[in-house]
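Just so you know, ligand 1 is whichever comes first in the structure, and atom 1 is the first atom listed for that ligand. Each residue takes its place number in the sequence, starting with 1. Note that the structure is a prediction, hence the values are computed from the model and not measured.
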Amino acid sequence: MKRPRRLVAVSNRAGPVKGAAAAGGLAVGLVGALREYGGLWFGWSGRVAAPGKTRLHSEKIEGLTLATLDLTQKDFDGYYNGLANGCLWPLLHFRMDLTHFEREHLDAYRRVNDQFARQLGRLLRPDDLVWVHDFHLFPLAAELRRRGARQKIGFFLHTPFPPTEILSTLPQHDWIVRSLFAYDLIGFQTKPDLARFHDHIRRAAGGRVQGGVVSAFGREVQTGAFPIGIDVEEFHRFAFTASGEREFHRMRKALAGRDQIIGVDRLDYSKGLLRRVAAFGRYLEANPQAHGQVIFLQVAPVSRGMITSYREFRHELERAAAHINGRFGRFDWTPVHYLNRALPRRTLAGLHRASRIALVTPVRDGMNLVAKEYVAAQDPADPGVLILSRFAGAAQQMGAALLVNPFDGEEMALALHQARAMPLEERRNRHARLMRCLHEYDVKRWRDEFVAALSATRARRTGAGAAIGTA
Ligand code: ADP
């Protein structure tokens, strides 16, 4: 593959490049690619400044340039808390009931995308490849084109893409979809997400789909599924060296022969946490012999704490965990352990390794990297069992897990029983199959295939698509 002169990645939040805070799957995948291509990473600085005092910061770190922009409080509230997290996130996860649309939020969303385009446009070189990430920045390419950008620009959606019936409930959804046609390539996590996008274009936008090429609004755009993966070796190493190894031994000692079931998720309603805790309660109810023998550890750092639905959800979860502990617990056994904070990646890897079972049961998820991290952290000679929701993108690839319906508490409780009783031979066999798929679709393949597909798109004719989506 011919290497582009420079890769420019754009995401809502850019940086940090180093340290524990750079731990998210997106950051890890991106930083690797940017180092490889000597690139630029552009996004919000994480800082809020007074109107007129917002600044563009630029620094070179470990072979890449980090350029970040401050936002005003009003823009941050409307764009990030309002439209992105209060409206688009639930909608993209099929939760029309939680979707809250306000016109001012949409205005702020447009304003921020416009500011990003203005600042980023000045930094772009003519032959840059631009890779825009996620639903915060749907209209970014349209704004860049409006300012004359001719570079190849790709977009990757890290969340699911909803059915047309759900998407169509969003006021202004046609504007958002139209704005996507200013990209040269649109990538989704899974084939079903891609198929739902194609379906929407055919049914709601009067467009055509031929192979991966989608035509609508007088423009053609290439589309594809690019399932995101992890750096498998690195995460495995985390579990077996230094602090990961230490956490593993500490945890094993604390467990004193009990089996640990682990859940690791941001505190988000899409992760199915309430149903998961309830299913564990159901398992305990049906299996008195397991009392005192099994612990469920849920690690769930607070996210988006400014949004009401998240605050309410957190309280509900705390009540549900306390209810199970009150009902089943004994003075020498607390069934549910609940940690409300983020942990360093190495610590997490050690905890995964020490856990006999992982419960990864989102009610809807783009990919779910936690499922992949749990598998990578296992000892192949004595691996744990992954129980995975059919509605996580990862289920498309990880059929060797115990797949469950997260809406079916009985099925989840039975899967817990099956996982605890699973013979070593079967555990090894399933783990080996899961590892093959992790290796096949790792993070390097994800970014290389996306960049190769973007590079291969046809060069843009002068003026083409300049005004797409900005009407
Ligand atoms: P999402 O992007 O919706 O949060 P993913 O499962 O795809 O879900 O990615 C979550 C990433 O955040 C994973 O890399 C995971 O290890 C990390 N993560 C989740 N919970 C924690 C935690 N408590 N501490 C540290 N990292 C976490």
Side-chain angles (χ1 to χ4, degrees), residues 11-13 16 19-32 84-85 88-90 92-95 133-136 156-160 188-190 193 226-232 234-236 238-239 243-244 247 251 262-273 276 297-305 307 310 313-314 317 337-353 355 358-377 386-389 391-398 401 406 438 441-443 446:
S11 55
N12 161 60
R13 179 82 168 88
L26 168 65
V28 171
L30 270 187
V31 168
N85 291 333
L88 293 176
W89 174 269
L92 292 164
H93 288 83
F94 300 23
R95 293 296 299 269
H133 292 264
D134 232 356
F135 59 96
H136 312 85
F156 186 79
L157 183 64
H158 290 259
T159 69
F188 298 88
Q189 293 275 26
T190 67
D193 294 304
F226 302 86
I228 193 168
I230 63 167
D231 184 332
V232 188
E234 181 187 64
F235 207 80
H236 185 75
F238 285 168
S243 51
E247 290 300 326
M251 186 44 108
I262 195 167
V264 175
D265 313 75
R266 272 183 315 99
L267 232 174
D268 192 290
Y269 45 76
S270 67
K271 303 294 181 183
L273 299 177
R276 186 184 307 173
L297 169 64
Q298 178 64 54
V299 187
V302 177
S303 75
R304 305 169 190 174
I307 301 171
Y310 282 77
F313 168 68
R314 178 182 172 180
L317 184 63
H337 292 207
Y338 174 48
L339 301 186
N340 215 198
R341 60 177 175 274
L343 297 174
R345 282 175 80 66
R346 286 176 171 74
T347 305
L348 269 186
L351 296 186
H352 278 316
R353 182 182 160 196
S355 303
L359 263 182
V360 184
T361 55
V363 288
R364 189 60 62 181
D365 216 334
M367 175 52 65
N368 200 291
L369 296 177
V370 171
K372 299 188 170 186
E373 291 169 353
Y374 175 74
V375 170
L386 171 66
I387 299 178
L388 178 63
S389 162
F391 307 129
Q396 296 291 316
Q397 308 164 322
M398 301 178 85
L438 254 59
Y441 294 97
D442 68 355
V443 69
W446 170 69

Provide the number and element of each atom of ligand 1 under 4.0 Å from a heavy atom of [X].
| X | answer |
| --- | --- |
| Val299 | 23 (N) |
| Val264 | 19 (C), 20 (N), 21 (C) |
| Ala342 | 22 (C), 23 (N), 24 (N) |
| Glu373 | 13 (C), 14 (O), 15 (C), 16 (O) |
| Leu348 | 16 (O), 24 (N), 25 (C), 26 (N), 27 (C) |
| Val370 | 6 (O), 15 (C) |
| Asn368 | 6 (O), 7 (O) |

Would Met398 and Leu438 count as a side-chain contact (heavy atoms from CB on, under 4.5 Å) here? Give the steps.
CA-CA 9 Å; Met398 301 178 85; Leu438 254 59; 3.7 Å; yes
Side-chain contact, heavy-atom cut-off 4.5 Å: Ser270 with Trp89?
yes
Report yes if the side chains of Trp446 and Phe156 come closer than 4.5 Å at any heavy-atom pair, otherwise no.
yes
Using every non-hydrogen atom in the two residues, find where Arg276 and Val264 come nearest and quote the distance to one decimal.
NH1-N, 4.4 Å
Nearest heavy-atom contact between Arg266 and Lys271 is O-CG, 3.6 Å
For atom 8 (O) of ligand 1, which candidate among Lys271, Met367, Arg345 holds the nearest heavy atom?
Lys271
Classify the contact between Arg341 and ligand 1 as side chain, backbone, both or neither, using a heavy-atom distance cut-off of under 4.0 Å.
backbone
Answer with side chain, backbone, both or neither: which part of Asp268 has a heavy atom less than 4.0 angstrom from an atom of ligand 1?
neither
Assess Arg345 against Phe238: is NZ or CZ under 6.0 Å from the centre of the six-membered ring, and within 45 degrees of the ring's axis?
no
Are any of the N or O atoms of [X] closer than 3.5 Å to those of ligand 1?
| X | value |
| --- | --- |
| Pro301 | no |
| Ala300 | no |
| Trp89 | no |

Which residue, Val370, Val360, Leu359, forms the side-chain contact (heavy atoms from CB on, under 4.5 Å) with Leu386?
Val360
Could you give me the CA-CA distance, side-chain angles and deciding distance for Phe135 and Leu157, then say whether side-chain contact (heavy atoms from CB on, under 4.5 Å) is met?
CA-CA 6 Å; Phe135 59 96; Leu157 183 64; 4.1 Å; yes
Donor-acceptor check, side chain of Arg346 to backbone of Ser243, threshold 3.5 angstrom: yes or no?
no
